Engineer: 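Before anything else, here's the structure in question.
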2 protein chains.
Amino acid sequence: MDDIINTLSEAPLFATLTPSVLNDISKNAHPNAHKKGKILFIHGDPAEHYYIVKSGHIKLFRETVDGTQTIIDVLSQGNVFGHTLVFEENTYPYSAEIAESGIIISLPLSDLRDALYNDNTIAINMLRATTNRLRLREKELEHRSTQNASQRIACFFLRHTLQRKNDSLVIHLPYDKMLLAAHLGMQPETFSRALLKLKKDTGIRIEGSSIYLNTLDRLSSYVCSSCSERFPCNG
Amino acid sequence: MDDIINTLSEAPLFATLTPSVLNDISKNAHPNAHKKGKILFIHGDPAEHYYIVKSGHIKLFRETVDGTQTIIDVLSQGNVFGHTLVFEENTYPYSAEIAESGIIISLPLSDLRDALYNDNTIAINMLRATTNRLRLREKELEHRSTQNASQRIACFFLRHTLQRKNDSLVIHLPYDKMLLAAHLGMQPETFSRALLKLKKDTGIRIEGSSIYLNTLDRLSSYVCSSCSERFPCNG
DNA sequence: CGAGAAGTTGAGCGGCATCAATTGTAGTGG
DNA sequence: CCACTACAATTGATGCCGCTCAACTTCTCG
């Protein structure tokens with residue numbers, strides 16, 4: 001149980017809450033081990049729980065009638081999802097599938113709802129978090145129209161080297177290339193070719209799912225000219 | 001001054017507020033007439049005000065160093081923007097330009113901030129509104145990868161006939177085609193050709209900036225198969 | 001009425017998707 | 001532990017959608 005509270009308080013969303021509030025929202029929390037491929041919920045299901053990723057990866061996606069999937073996001077450790085459905089009578093706006101086996105903590109939305117209406121801090125934290133997410137989506141929309149396939153991959157690398165604090169210039173792809181391709185809005189074949197082009201253009205070294213780079217400069221000058229943000233950006 | 005309060009209370013964001021709170025946030029509000037082309041603020045400026053559109057249209061956009069613009073959104077009457085920068089020390093994440101002359105009410109973020117920290121209702125309203133916006137962006141991202149140019153135009157038409165309650169099947173383009181093209185993420189030339197194709201495929205009639213359709217069915221079957229939502233959707 | 005912008009149309013090109021075939025890899029069960 | 005299988009990943013060939021450049025027409029407004 002302490003374990004759960006620890007995981008919760010690692011999320012920015014809940015970090016600043018008082019222990020008593022934290023206790024209230026986590027009193028009905030349940031950690032569950034899930035295997036790859038498991039569907040947590042489907043687009044349109046009535047929403048009753050929200051989730052926190054303790055380990056593994058979650059794919060959030062939507063699909064059209066003909067089965068075409070679009071990835072909304074891929075979540076990893078510490079990420080919260082489904083909490084935006086806290087308002088009454090909501091249904092999930094996307095489906096969630098385990099992309100990489102791991103442990104997911106599920107919490108009832110009703111507990112969060114109670115806390116939300118009582119404690120202003122939660123509302124403000126959630127507002128902050130949702131605003132940030134909105135910013136990310138806007139940026140993503142920009143990238144889709146200003147950056148080509150190779151640049152989007154490079155941009156992903158830059159964001160993921162900056163995230164890990166140590167300055168060893170190695171990137172380990174967090175999940176398989178098919179999913180990464182879909183996340184970046186391209187076909188696997190295109191991903192493969194674009195990665196090859198990126199290698200030629202910037203001199204990165206690729207070994208399976210590890211990417212080695214000598215410097216960030218070449219990557220950033222390759223990408224950031226097609227972006228409205230200055231270089232050390234937050235994604 | 002009553003005028004301002006009226007405009008404010010039309011926005012869902014402020015609709016449910018008590019008169020006293022509404023008074024607090026609008027006490028330093030100023031309506032300003034602006035002409036087309038006027039820049040309200042630029043991406044990166046320190047944010048001190050937020051705005052409500054009383055009339056006219058606002059273009060929110062970002063641009064890369066080489067001058068390429070991407071449209072974040074085009075706002076019309078009743079829309080609020082900039083309010084998500086209510087948290088301290090923020091800068092505008094995009095630029096805002098008057099796309100169609102009109103009256104814009106500006107309000108200091110500091111007043112909103114005070115109200116936000118005091119009144120839970122505002123925080124919750126803002127959370128609701130921001131969450132909705134996030135959903136729209138996610139849907140837009142989906143549309144960019146599943147729909148072609150003609151379908152995106154048709155989707156725009158559908159959303160805009162549903163908005164106006166009367167069932168006269170006439171759509172008046174709310175702003176000029178160049179801006180609409182940019183908003184839908186395509187070039188003006190592409191827009192022109194795609195509209196022609198749409199006409200051929202669905203039998204709509206086009207007269208300048210007015211679009212006539214006999215029925216919604218043909219449009220919806222043309223578009224909604226490439227979307228994860230069921231037909232009468234909210235955009 | 002004239003100037004400048006919006007809008008349309010044409011020609012050509014390039015990036016990405018698609019289809020198809022092959023190689024690489026990881027997980028499964030005998 | 002290896003053989004088998006299923007899927008991930010790469011590579012090739014081809015086609016199409018939307019971008020670009022350019023010319024022309026239509027509209028808007030001073």
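In what follows, chains are A, B, ... by sequence order, proteins preceding strands, each numbered from 1. Since we're looking at a predicted model, the values are computed, not measured.
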Engineer: Should the pair B/Arg193-B/Glu189 be classified as a salt bridge under the 4.0 Å nitrogen-to-oxygen rule?
Structural biologist: no
Engineer: Does NZ or CZ of A/Arg62 lie under 6.0 Å from the centre of the six-membered ring of A/Tyr94, at an angle within 45° of the ring axis?
Structural biologist: no
Engineer: Taking all heavy atoms of B/Ser228 and all of A/Thr64, pick out the closest pair and write down the distance.
Structural biologist: N-CG2, 4.0 Å
Engineer: Salt bridge or not for B/Glu142 and B/Arg144, using N-O below 4.0 Å?
Structural biologist: no
Engineer: Using a strict cut-off of less than 4.0 Å between a Lys/Arg side-chain nitrogen and an Asp/Glu carboxylate oxygen, indicate whether B/Asp73 and B/Arg133 qualify as a salt bridge.
Structural biologist: yes
Engineer: For nucleotides 15-26 of chain D, read 5' to 3', which letter fits each nucleotide if B means a protein heavy atom sits under 4.0 Å from the base, S means only the sugar-phosphate is that close, and - means neither?
Structural biologist: ---SBBBB----
Engineer: With respect to the phosphate group of D/dT10, does any side-chain polar atom (N or O) of A/Lys177 fall under 4.0 Å of OP1 or OP2?
Structural biologist: yes
Engineer: Any ion pair linking B/Lys59 and B/Glu100 (charged N to carboxylate O, less than 4.0 Å)?
Structural biologist: no
Engineer: Give every residue pair that meets the ring pair (Phe, Tyr, Trp, His ring centres under 6.0 Å) criterion with at least one member in residues 49-71 of chain B, sequence neighbours excluded.
Structural biologist: B/Phe41-B/Tyr51, B/Tyr51-B/Phe81, B/His57-B/Tyr175
Engineer: I need the OH-P distance between B/Tyr175 and D/dC27, as an integer number of Å.
Structural biologist: 22 Å
Engineer: Expressed as a whole number of angstroms, how long is the span from A/Glu207:CD to C/dT25:P?
Structural biologist: 12 Å
Engineer: How large an angle, rounded to 10°, do the end axes of the helix from C/dC1-D/dG30 to C/dG30-D/dC1 enclose when each is built from five base pairs?
Structural biologist: 50°
Engineer: Between A/Lys54 and A/Asp3, is the closest basic N to carboxylate O distance under 4.0 Å?
Structural biologist: yes
Engineer: Take atom CG of B/Leu195 and atom P of C/dT8, then tell me their distance rounded to the nearest Å.
Structural biologist: 7 Å
